[in-house]
Amino acid sequence: MNGIVNVLKPPGMTSQNVVSFMRRTVGIKKIGHSGTLDPYAAGVLPIFIGKATRVVEYAMAGEKEYIGEICFGIETDTLDAQGKIVARDGKEVSQEQFERVLQQTHGVIYQRPPMYSALKMDGQKLVNLARKGKQVEIPKRPVEIFETELIASAGPNRFLFRVRCSKGTYVRTLCQDWGKALGTVAHLSFLLRTQTGAYKIEDSLTLEEI
């Protein structure tokens with residue numbers, strides 16, 4: 001069997017868990033995915049089976065789209081809702097203020113990837129170093145933001161947004177930077193990947209359907 005399956009990854013599973021599920025389901029070992037999704041996140045995760053694994057790198061190069069929720073006033077060590085709270089701030093952010101910051105976030109920007117990530121330095125994953133309490137200097141790298149949109153207010157200091165961006169963009173880091181730009185702290189409280197390259201969420205399959 002060779003081909004590509006557009007999987008809708010549920011929250012609570014790692015991307016590698018989905019690969020293992022597909023290996024058991026189709027009985028083929030040679031399987032990979034394009035673009036890791038954090039365990040708490042859900043959304044599009046294309047799975048490449050057999051000879052299709054040869055084109056994974058091309059699929060990873062495509063644009064990505066996310067819907068997320070930002071929570072102002074709380075920062076965590078992982079920059080998402082799964083981490084330990086490391087800072088609090090009582091400042092209230094209005095919808096107009098957040099929308100203005102979103103409109104300013106376009107084009108090439110420089111991001112510093114979070115410590116709690118699957119990136120490797122000197123052969124070790126940053127997340128493993130972070131769990132051991134170690135900190136390393138992570139260089140900033142360029143990513144591109146093509147489109148941002150405020151979807152709705154989700155309550156005091158909480159907003160749903162959409163972002164279309166290049167490969168390698170960390171939405172968690174965007175939320176941290178937006179908090180800094182508004183003179184407060186923030187974290188990403190929800191994340192759904194709606195598209196990666198040519199693969200869209202409306203065409204994806206749940207694990208139950210597969």
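All heavy atoms count here, side chains included; hydrogens, waters and symmetry mates do not. Nothing here was measured: the structure is a model prediction, and the numbers come from that model.
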Nearest heavy-atom neighbours spanning [X] and [Y]:
{"X": "R162", "Y": "E147", "value": "NH2-OE2, 2.6 Å"}
{"X": "M1", "Y": "I49", "value": "O-CG2, 3.5 Å"}
{"X": "V18", "Y": "M13", "value": "N-CE, 3.8 Å"}
{"X": "A186", "Y": "C175", "value": "CB-O, 3.5 Å"}
{"X": "A41", "Y": "L37", "value": "CB-CD2, 4.0 Å"}
{"X": "S204", "Y": "E209", "value": "O-OE1, 4.1 Å"}

Fill in the blank from the handout: Residues passing the ring-ring contact (aromatic ring centres under 6.0 Å, His included) test with Y66, sequence neighbours excluded, are none
Spell out, as yes or no, whether a donor-acceptor pair under 3.5 Å connects the side chain of [X] to the backbone of [Y].
{"X": "R23", "Y": "K29", "answer": "yes"}
{"X": "R141", "Y": "G168", "answer": "yes"}
{"X": "Q195", "Y": "G197", "answer": "yes"}
{"X": "N157", "Y": "V93", "answer": "yes"}
{"X": "H187", "Y": "A81", "answer": "no"}
{"X": "D77", "Y": "K84", "answer": "yes"}
{"X": "T173", "Y": "P113", "answer": "no"}
{"X": "K64", "Y": "T169", "answer": "no"}
{"X": "T194", "Y": "I201", "answer": "no"}
{"X": "T148", "Y": "L102", "answer": "yes"}

Practice task
Verify whether one side chain among S20 and N17 offers a donor that lies under 3.5 Å from an acceptor in the other.
Solution key: no
Can you tell me how far [atom2] of [Y] sits from [atom1] of [X], rounded to the nearest 0.5 angstrom?
{"X": "N6", "Y": "E202", "atom1": "CG", "atom2": "CD", "value": "9.0 Å"}
{"X": "F98", "Y": "F161", "atom1": "CZ", "atom2": "CZ", "value": "6.0 Å"}
{"X": "Q104", "Y": "I109", "atom1": "CD", "atom2": "CD1", "value": "12.5 Å"}
{"X": "S15", "Y": "I47", "atom1": "OG", "atom2": "CD1", "value": "7.5 Å"}
{"X": "E69", "Y": "I151", "atom1": "CD", "atom2": "CD1", "value": "10.5 Å"}

Handout entry: hydrophobic_cluster_shared for V163 and L191, side chain cutoff 4.5 Å
Key = yes
Problem - Heavy-atom side-chain contact between L174 and Q111 under 4.5 Å - result: yes
Exercise for the section: Kindly say whether the aromatic ring centers of F159 and W178 come within a distance under 6.0 Å. Expected result: no
Handout entry: Where at least one partner belongs to residues 36-54, residue pairs that pass side chain to side chain donor-acceptor pair (under 3.5 Å), sequence neighbours excluded
Key = D38-R172
